[in-house]
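Note sheet for the following structure.
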Amino acid sequence: MKSDRTPPVRRRENFLVFGSPLVGEEEKKEILDCLESGWLGTGPKVARFEEEFRTYTHGDFAVAVNSCTAALHLSLLAADIGPGDEVITTALTFCATVNAIIHAGAQPVLADVDPATLNIDPRQVEAKISKKTKAIVPVHFAGRPCDMDALVGLAKQHNLTLIEDCAHAIETTYRGRHAGTFGKFGCFSFYVTKNVVTGEGGMIVTPDENAANRLKMLALHGMSKDAWKRFGDEGYKHYYVAECGFKYNMMDIQAALGIPQLRRVETNWERRREIWDRYQREFQDLPLTLPPPVEKETRHAYHLYTVLVDSKRAGISRDEFLTRMTDENIGVGVHYQSIPVHPYYQEHFGWRPEDYPNSFAIGQQTVSLPLSAKLSDGDVSDVVQAVRKSLAQ
Ligand SMILES: Cc1ncc(COP(=O)(O)O)c(C=O)c1O
């Protein structure tokens, strides 16, 4: 058992919050500008954020929404996926990926992951393709790109829509091409812990102009194009409801946070890479499984730094490790327990964790350590010390 006598690595009031974002003066200025402009809803700042994001990812069209969950849901609808269709996704993801498929009315089908990369295994995808399969939704886990050659190949061969879940993958590239631009839709998240934050927020990148227009309409109740302008200085504009849409639009006040965040995306990425490299060096002698090196011709977004705690090797369980890190005042995360462990999915789809053995095992062993660009060198040292202390018998 761990000794109670040694004081924690950090004091309680200095608890290191997992995923706390780096927010600077530019964000404050842009938000103030938005507040003073009197236009808080969807407007010019959202349009600017969309344009800058489109440019950054080299996409053709970008549509801002209020979450990546909304982005996934709308992309599935815009791909005309619904009841009677099957959509294949990974068994190791956040519930939002699977829930979006269910909300679209389709049947989610899970494929297991590669145990080293934690990404969906294309061979498992292939094994799950049926006559009803309409789409594949891969997740670039932690920011490491999936095997896009294989997934694009499968999508082409079987005429499937590819919708990339890029919630972790804003800076990710694969053979020089940006994540989110391989298929029909790329869905990004700007949730508070993500690499670019807007509080809540999301973006869809697509090469298809018609699809982009439909997404915009669906994100605002299905109201006709540019309905957001109806209170502007060009005079009142009537709108017409063309489809039964959703309230998924992004507001200018969110974009005001996102614009300066996006402009700093590369410097923040550099900082996270430094922290990542330091963890890799500092932990190499510990009884942990560390992330494998980044694959050639790819760029990792360094969104999550995850280690595996195998109780046989580490001498303590993953959950005990989580408790010890928290006792040391270091915030930690679990990304993720595998999808089939959750009661809802077991009850509705009959999924059993043991049928997805790699995702299940990772879900029981994985721990995410703090990786925000906000961390000082001292914070990183505290994390390293806390990991060492937590593993010491
Ligand atoms: C892999 C993955 N997909 C989707 C989402 C949903 O993103 P949002 O919170 O922006 O809806 C998340 C959020 O954490 C995620 O990690």
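Read the numbers this way: they start at 1 and go in the same order the structure lists the ligands and their atoms. Residue numbers start at 1 and run along the sequence shown.
Identified under the ring pair (Phe, Tyr, Trp, His ring centres under 6.0 Å) test for residues 195-218, with sequence neighbours left out: none.
Checked against F190 for a side-chain contact (heavy atoms from CB on, under 4.5 Å), the options N66, L262, T198 give a single hit: T198. With respect to E328, the salt bridge (charged side-chain N to carboxylate O under 4.0 Å, His left out) criterion is satisfied by exactly one of K389, R12, R11, R388: K389.
A donor-acceptor pair is defined here as one N or O able to donate and one able to accept, closer than 3.5 Å; no such pair exists between the side chain of R272 and the backbone of A373.
Interface atoms of ligand 1 facing V139, defined by a heavy-atom separation under 4.0 Å, are 1 (C). Within ligand 1, the atoms closer than 4.0 Å to a non-hydrogen atom of G201 are 10 (O), numbered from 1 in the order shown.
Residue F94 places no N or O, backbone or side chain, under 3.5 Å from any N or O of ligand 1. Considering backbone and side-chain N/O of H168, one or more are found under 3.5 Å from N/O of ligand 1. Considering backbone and side-chain atoms together, K194 places an N or O closer than 3.5 Å to an N or O of ligand 1.
With a heavy-atom cut-off of 4.0 Å, T69 touches ligand 1 through backbone and side chain alike. Residue-level proximity to ligand 1 for Y336 is carried by the side chain, the only part with a heavy atom below 4.0 angstrom.
Checked against the 6.0 Å centroid criterion, the rings of H300 and W276 qualify as a close aromatic pair. Annotation: H73 is in aromatic contact with F246 [ring centroid separation under 6.0 Å].
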